[in-house]
Amino acid sequence: MMRTRPLKVALLGCGVVGSEVARIMTTHADDLAARIGAPVELAGVAVRRTGKAREGIDPALVTTDATALVKRGDIDVVVEVIGGIEPARTLITTAFEHGASVVSANKALLAQDGAALHAAAEANGKDLYYEAAVAGAIPLIRPLRESLAGDKVNRVLGIVNGTTNFILDKMDSTGAGYQEALDEATALGYAEADPTADVEGFDAAAKAAILAGIAFHTRVRLDDVYREGMTEVTAADFRSAREMGCTIKLLAICERSKDGTSVTARVHPAMIPLSHPLASVRGAYNAVFVESDAAGQLMFYGPGAGGSPTASAVLGDLVAVCRNRLSGATGPGESAYADLTVSPMGDVVTRYHISLDVADKPGVLAQVATVFAEHGVSIDTVRQQGKDGEASLVVVTHRASDASLSGTVEALRKLDTVRGVASIMRVEGE
């Protein structure tokens, strides 16, 4: 039997995502009511500035006083899509204190202060859901914390930023340089006017922190995530990748150590074999590859950004939270019982592709090989090309720690036969 009194929803933010959430709530009202067991009513919309026409939204619902809206006391669910740290953090905690559960898409805030927000939700007996914070429309958070709750996740490897994937895919498929591909992404609306958060890996790092925390039942903050952007990736790197049967992706990688006592989380460009499922992810799409003990290998794929895809994830959370509200229950909260050590990047072990500019003369290869051996880094393959006194030397290593590789590169730079280190890139997915 359906309850006739509606559940009241406050919407914080009415931009690309917020306006789409409001539209779906209106156009799909009957379906949402049937799935929840009660009608949902948009009770207020907080924005920075009024006076702008917002299609489908009653102007009487629009306010610039977000604090007053979340303090009303009759609000059942607050949907936060304004982003950033403040005032979002204060508004969310205030919502909990005044009786509302929260649905958020705020990856930056959750990566930085997720533990405190979960604690505030638990203290007030309310829900905090955030499927839309990672990978847009792709169901990922719920499968990790519910569907795989009985399994042991060992690795999460993914493309979690559509802008960077579009740029790298364009560089790979057309031979374009980084700036040319970025300009096209900007013209098509895939990249912001200031793309720093995307191309320098900040966006992906926040998502990696959230994924690692859920997957490994350990608190992982944004500061724990190693981050390296993709602005230095060149067309030459793609040529080298193709020679190895690889392509290049900006990856978020969260791993449990083999002994199970620690985890790492990192974001950086990497070569990945064309045979790996992530290599075929094109354009602005996202995909996340999960490896667990019982389920084995799983891949989640779909649009990772945009108004409609993100709003889909928000509405999915809204339905779940409203159902909990009606039953008097709450969903899963923070699970950090494992409390594993978060290891630094220096402990990470992977393969490396190193391109060196060297003098084209006898003995160079022997000198370079000696440096690798002295630092305990085993060489898998070497390729050398040169003419007119200059040469390029490409070395692919077996698995080595980041710390040992860093020491190797520092020593290589001191050789008088090494003119420079053209590029260093990790090789993943093998």
Can you tell me how the ring of Tyr301 sits relative to the ring of Tyr285, calling it parallel under 30°, perpendicular over 60° and tilted otherwise?
parallel
Quick one: list whatever passes salt bridge (charged side-chain N to carboxylate O under 4.0 Å, His left out) with Lys126, sequence neighbours left out.
none
To the nearest 0.5 Å, how far apart are CD1 in Ile272 and CD1 in Ile159?
6.5 Å
Going by salt bridge (charged side-chain N to carboxylate O under 4.0 Å, His left out), name the residues that satisfy it together with Arg282, two or more places apart in sequence or in a different chain.
Asp169
Considering non-hydrogen atoms only, spot the tightest contact between Ala38 and Leu7 and give its length.
CB-CD1, 4.3 Å
In terms of heavy-atom contacts, Cys322 and Val77 come closest through SG-CG2, 4.0 Å
No-hydrogen, no-angle side-chain donor-acceptor test under 3.5 Å, His375 and Ser404:
no
Locate the shortest heavy-atom distance separating Leu182 from Ala191; write the atom from each residue and the value.
CD1-CB, 4.1 Å
Distance-only donor-acceptor check, side chains Tyr226 and Glu228, under 3.5 Å:
yes
Check this for me: Asp58, atom CG, are more than 12 non-hydrogen atoms of other residues, nucleotides or ligands nearer than 6.0 Å?
yes
Would a 4.5 Å heavy-atom cut-off, applied to side chains only, mark Leu12 and Leu69 as touching?
yes
More than 12 heavy atoms of other residues, nucleotides or ligands under 6.0 Å from CD of Glu192: yes or no?
no
Quick one: does any side-chain atom of Asn106 pair with a main-chain N or O of Ala133 as donor and acceptor, under 3.5 Å?
no
Polar side-chain atom of Asp224 near backbone of Arg221 as donor-acceptor pair, under 3.5 Å:
yes
Flag, side chain of Asp151 to backbone of Ala294, donor-acceptor distance under 3.5 Å
yes
Between Glu131 and Ile141, is there a donor-acceptor pair closer than 3.5 Å when you use the side chain of the first and the backbone of the second?
yes
Any heavy-atom pair between the side chains of Lys107 and Leu110 that's under 4.5 Å?
no
Are Asp380 and Thr397 packed together at the side-chain level, in the sense that at least one heavy-atom pair is separated by less than 4.5 angstrom?
no
Does atom CZ of Arg48 have more than 12 heavy-atom neighbours from other groups under 6.0 Å away?
no
Quick one: CD1 on Ile167 to CG on Asp172, what's the gap to the nearest 0.5 Å?
13.5 Å
Arg266 side-chain N/O to Ala208 backbone N/O, donor-acceptor pair under 3.5 Å:
no
Would you call Thr164 and Asp203 a side-chain contact if the rule is heavy atoms closer than 4.5 Å?
no
Approximate separation, where rounding is to 0.5 Å, of Lys8 NZ and Asp74 CG
4.0 Å
Does a sphere of radius 6.0 Å around CD in Glu122 hold more than 12 heavy atoms from other residues, nucleotides or ligands, not counting ones at 6.0 Å or beyond?
no
Rounded to the nearest 0.5 Å, what separates atom OG1 in Thr231 from atom CG in Asp198?
12.5 Å
When you check the gap from the basic side-chain N to the acidic O, do Glu334 and Arg219 get nearer than 4.0 Å?
yes
Derivation of the side-chain contact (heavy atoms from CB on, under 4.5 Å) call for Leu211 and Leu140
CA-CA 9 Å; Leu211 291 174; Leu140 186 58; 3.6 Å; yes
For the CD atom on Glu410, are there more than 12 heavy atoms of other groups (residues, nucleotides or ligands in this structure) within a distance under 6.0 Å?
no
Should Thr408 and Val371 count as side-chain neighbours, where that means a heavy-atom distance under 4.5 Å?
yes
Please check if the side chain of Thr218 supplies one atom and the backbone of Leu340 the other of a donor-acceptor pair under 3.5 Å.
yes
Count the heavy atoms belonging to other residues, nucleotides or ligands that lie under 6.0 Å from CD of Glu86, then report whether that count exceeds 12.
yes
Regarding Arg145 and the six-membered ring of Tyr129, is the cationic atom NZ or CZ under 6.0 Å from the ring centre and inside 45° of its axis?
yes
Can you tell me if Asn165 uses its side chain to pair, donor with acceptor, with the backbone of Ala284 under 3.5 Å?
no
Correct closest heavy-atom pair for Thr330 and Gly125 would be CG2-O, 3.4 Å
Looking at Ala270 and Leu251, what are the two nearest heavy atoms and their distance?
CB-CD1, 4.0 Å
Test your reading of the model: is there a side-chain donor-acceptor pair from Arg72 to the backbone of Ala43, 3.5 Å cut-off?
yes
Carboxylate-amine/guanidinium proximity below 4.0 Å for Arg426 and Asp402
yes
Polar side-chain atom of Arg351 near backbone of Arg399 as donor-acceptor pair, under 3.5 Å:
no
Before you tell me yes or no, could you show the steps for Val288 and Val156 under side-chain contact (heavy atoms from CB on, under 4.5 Å), namely the whole-Å CA-CA distance, both residues' side-chain angles and the distance that decides it to 0.1 Å?
CA-CA 7 Å; Val288 177; Val156 180; 3.5 Å; yes
How far does NE2 of His353 sit from OG of Ser423, to the nearest 0.5 angstrom?
6.0 Å
Using ring centroids (six-membered ring only for Trp), state whether His118 and Tyr130 fall under 6.0 Å.
yes
Do Thr234 and Asp237 pair up side chain to side chain, a donor and an acceptor below 3.5 Å, judged on atom types alone?
yes
Thr264 and Asp347: side-chain contact (heavy atoms from CB on, under 4.5 Å), yes or no, with the steps?
CA-CA 9 Å; Thr264 56; Asp347 293 348; 5.5 Å; no
Check whether the side chains of Asn154 and Asp293 place a donor and an acceptor atom closer than 3.5 Å, and report yes or no.
yes
Quick one, Asn161 and Val267 - any side-chain contact, counting heavy atoms below 4.5 Å?
no
Any side-chain donor near an acceptor of the partner, Glu428 and Thr350, under 3.5 Å:
yes
Distance alone, cut at 3.5 Å: any donor-acceptor contact between the side chains of Thr261 and Asp259?
yes
Flag side-chain contact, heavy atom, 4.5 Å: Val427 against Met244:
yes
Yes or no on side-chain contact (heavy atoms from CB on, under 4.5 Å) for Arg323 and Val319, after CA distance, side-chain angles and deciding distance?
CA-CA 6 Å; Arg323 287 171 175 169; Val319 169; 3.5 Å; yes
Taking Lys170 for the side chain and Ala185 for the main chain, is one N or O donor matched with an acceptor at less than 3.5 Å?
no
Nearest heavy-atom pair of Ala100 and Val78: which atoms, and what distance?
CB-CG2, 3.9 Å
Kindly indicate whether the side chain of Glu180, heavy atoms from C-beta on, has any atom under 4.5 Å from the side chain of Asp183.
no
May I ask you to check if Arg227 and Phe202 form a cation-pi contact, with NZ or CZ under 6.0 angstrom from the six-membered ring centre and within 45° of the axis?
yes
Inter-residue atom distance Ser262.OG - Arg256.CZ, 0.5 Å rounding
10.0 Å
Pick out which of Val47, Leu11, Leu91, Val17 makes a side-chain contact (heavy atoms from CB on, under 4.5 Å) with Ile82.
Leu91
Within 6.0 angstrom of Glu97 CD, more than 12 heavy atoms from elsewhere
yes
